[in-house]
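Beneath this line is the structure, given in structure tokens, with notes to follow.
In listed order, ligands and their atoms are each counted from 1. Treat the numbers as computed from the prediction; the structure is a model and nothing was measured.
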Amino acid sequence: MTQTLQNKRLLLGITGGIAAYKSPDIVRRLRDAGAEVRVIMTRGATEFITPLTLQAVSANRVHTDLLDVDAEAAMGHIELARWADAIIVAPATADALSRFAQGRADDLLTTLLRASDAPVLVAPAMNQAMWRDPATQDNSKILLQRGYQFVGPAEGAQACGDIGAGRMSEPLAIVDAATALFEQQLLTGQHVVITAGPTRERIDPVRYLSNFSSGKMGFALAEAAVEAGAKVTLIAGPVSLPTPDRVERIDVISATDMLAAAELSAASASVFIAAAAVADFRPRAAAEQKIKKTSDIETMRIDLVKNPDILRSIAESKRSLYCVGFAAETENLLAHARAKLAQKSLNMIVMNDVSRSDIGFAADDNEVVVITSEHAIHLEKTKKRHLARRLIQLISEQVGPGNRA
Ligand code: CTP
């Protein structure tokens, strides 16, 4: 099944209605679609189904109380509110809709709704007369105006024997509606592979050739791509940076290792961004023992051979990939960058001037020109994190949400 909710963190609120017996199925399907799910149950919900069942299907502890010291110590309610990418309430009873509309904050679920900025999806479930009741209708309108999204209620036979609109939508329809919450995200459904940092080429057991790349730009891009909804694989050379949240990181040392990791990951990817500063050459053979300095030599030679061009090799082997390169230049900036765009069969190249010490390599800031076959866009000097967001935005405009891997 396609992982339409890959990486997504969802809070499922369950309120006290008979449709709660379907909630474990919703959890299972959300997880099948790739989401991590945490469940919150109101007291009424626990009368219909046990927290243990929901704990088993969600693989996470179920939260039931606002004032639970143990639960607060593990993940406090504000932390839970921040954690969520979206909140789904299914089933949402007539009483729940009324309490949400009033802005109550007297139990865990209502408090979380107050504390979170995440989108909210509700799946009403009640007797058809209760759904038609003017107060319920008014409450629903208030919630719609506040940006809550609704799925259902569906029409049909009800647990109480009535027929009409009020049944909770089927779990599959709820999962589809949850997926739709994220569809406006720029890179939903895309797998982005990013290389970052330097590579290290072994001379002997204690020495290597490398460069000053810090990996900051590649790591910032990984973070921005996750924020934009993508699944992200970050292939990192030796750097001392923490792994951004929800990013799959593969650590490598040499250019040869980086190429092998890139080939594996690119097979399922739709976007490849080469932000690594790959060493262009490596010693022909790494010495097995430490090279000793003997008294009779004043100079030494290390025979170097060319490393594979990772970006070029990936771009040429998978034409459907959207490939982005970086061009670190010191002179004839645009001309050199444009030449690389063509030589490496790229869709986009991000050019930066490495002769300046205030931007590039180890600096926190960068200033670049983004070049495609159609345009050259200058992005002003700013923090690498901001620049990364702009770059991801420009890339997503090119690959578009319809163009899934
Ligand atoms: N690159 C790569 N593998 C290499 C060398 C470079 O994947 N062996 C990628 C870099 O990650 C970058 C782009 O190619 O995205 C351009 O790298 P750069 O060092 O600017 O250019 P080179 O191709 O090495 O050319 P030159 O050294 O002549 O500037």
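Under the 4.0 Å distance rule, the nearest protein heavy atom to atom 24 (O) of ligand 1 falls inside the cut-off. Protein heavy atoms all stay at least 4.0 Å away from atom 28 (O) of ligand 1.
Under a 4.0 angstrom heavy-atom cut-off, K344 registers as being in contact with ligand 1. Proximity of A255 to ligand 1 is not established, as no heavy-atom distance is less than 4.0 Å.
Counting heavy-atom neighbours within 6.0 Å of Y148 OH, excluding the residue itself, gives a total above 12. Crowding of D117 atom CG: a count of heavy atoms from other residues, nucleotides or ligands under 6.0 Å not exceeding 12.
Figure legend: cation-pi geometry between K8 and F182, with NZ or CZ positioned under 6.0 Å from the six-membered ring centre and within 45° of its axis.
Among all heavy-atom pairs drawn from F219 and R249, the shortest one is CE2-NH1, 3.6 Å.
Salt bridge E248/K231: absent, no basic N to carboxylate O contact under 4.0 Å. The pair R43-D107 fails the salt-bridge criterion, with no side-chain N (NZ, NE, NH1 or NH2) lying under 4.0 Å from an Asp/Glu carboxylate O. Electrostatic pairing of D204 and R207 counts as a salt bridge here, judged by a charged N lying under 4.0 Å from a carboxylate O.
Residue V278 has no N or O atom closer than 3.5 Å to an N or O atom of ligand 1. For ligand 1, the polar-atom distance check finds no N/O of V324 at less than 3.5 Å from any of the ligand's N/O atoms. Every N/O-N/O distance between G325 and ligand 1 stays at or above 3.5 Å. For ligand 1, one of its N or O atoms has an N or O atom of A274 under 3.5 Å away. Taking any N or O of A277, backbone or side chain, none lies under 3.5 Å from an N or O belonging to ligand 1.
Contacts of P308 with ligand 1, taken as heavy-atom pairs under 4.0 Å, involve the backbone alone. Counting heavy atoms closer than 4.0 Å to ligand 1, residue K340 contributes side-chain atoms (C-beta onward) but none from N, CA, C or O.
E367 and H378 form a side-chain donor-acceptor contact under 3.5 Å, judged by distance and modelled atom types alone.
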Problem set entry | Intermediate values then yes/no, side chain to side chain donor-acceptor pair (under 3.5 Å), T93 and D95 | CA-CA 5 Å; T93 60; D95 181 56; 5.1 Å; no
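Interface atoms of ligand 1 facing D280, defined by a heavy-atom separation under 4.0 Å, are 5 (C), 24 (O), 27 (O). When each atom of ligand 1 is checked for a heavy atom of A327 under 4.0 Å away, the hits are 20 (O). Contact atoms of ligand 1 toward L311: 2 (C), 7 (O), 9 (C), 13 (C), 14 (O), 15 (O) (distance under 4.0 Å to a heavy atom of the residue).
In this structure, the side chain to side chain donor-acceptor pair (under 3.5 Å) partners of D303, at least two apart in sequence or on a different chain, are R284.
Closest protein heavy atom to atom 3 (N) of ligand 1: I310 N, 3.0 Å. Here the heavy atom of the protein found nearest to atom 11 (O) of ligand 1 is A276 O, 2.6 Å. In this structure, atom 12 (C) of ligand 1 lies nearest to the protein heavy atom F326 O, 3.0 Å.
If you run side-chain contact (heavy atoms from CB on, under 4.5 Å) between I273 and each of L221, L234, V350, V232, only L221 comes through.
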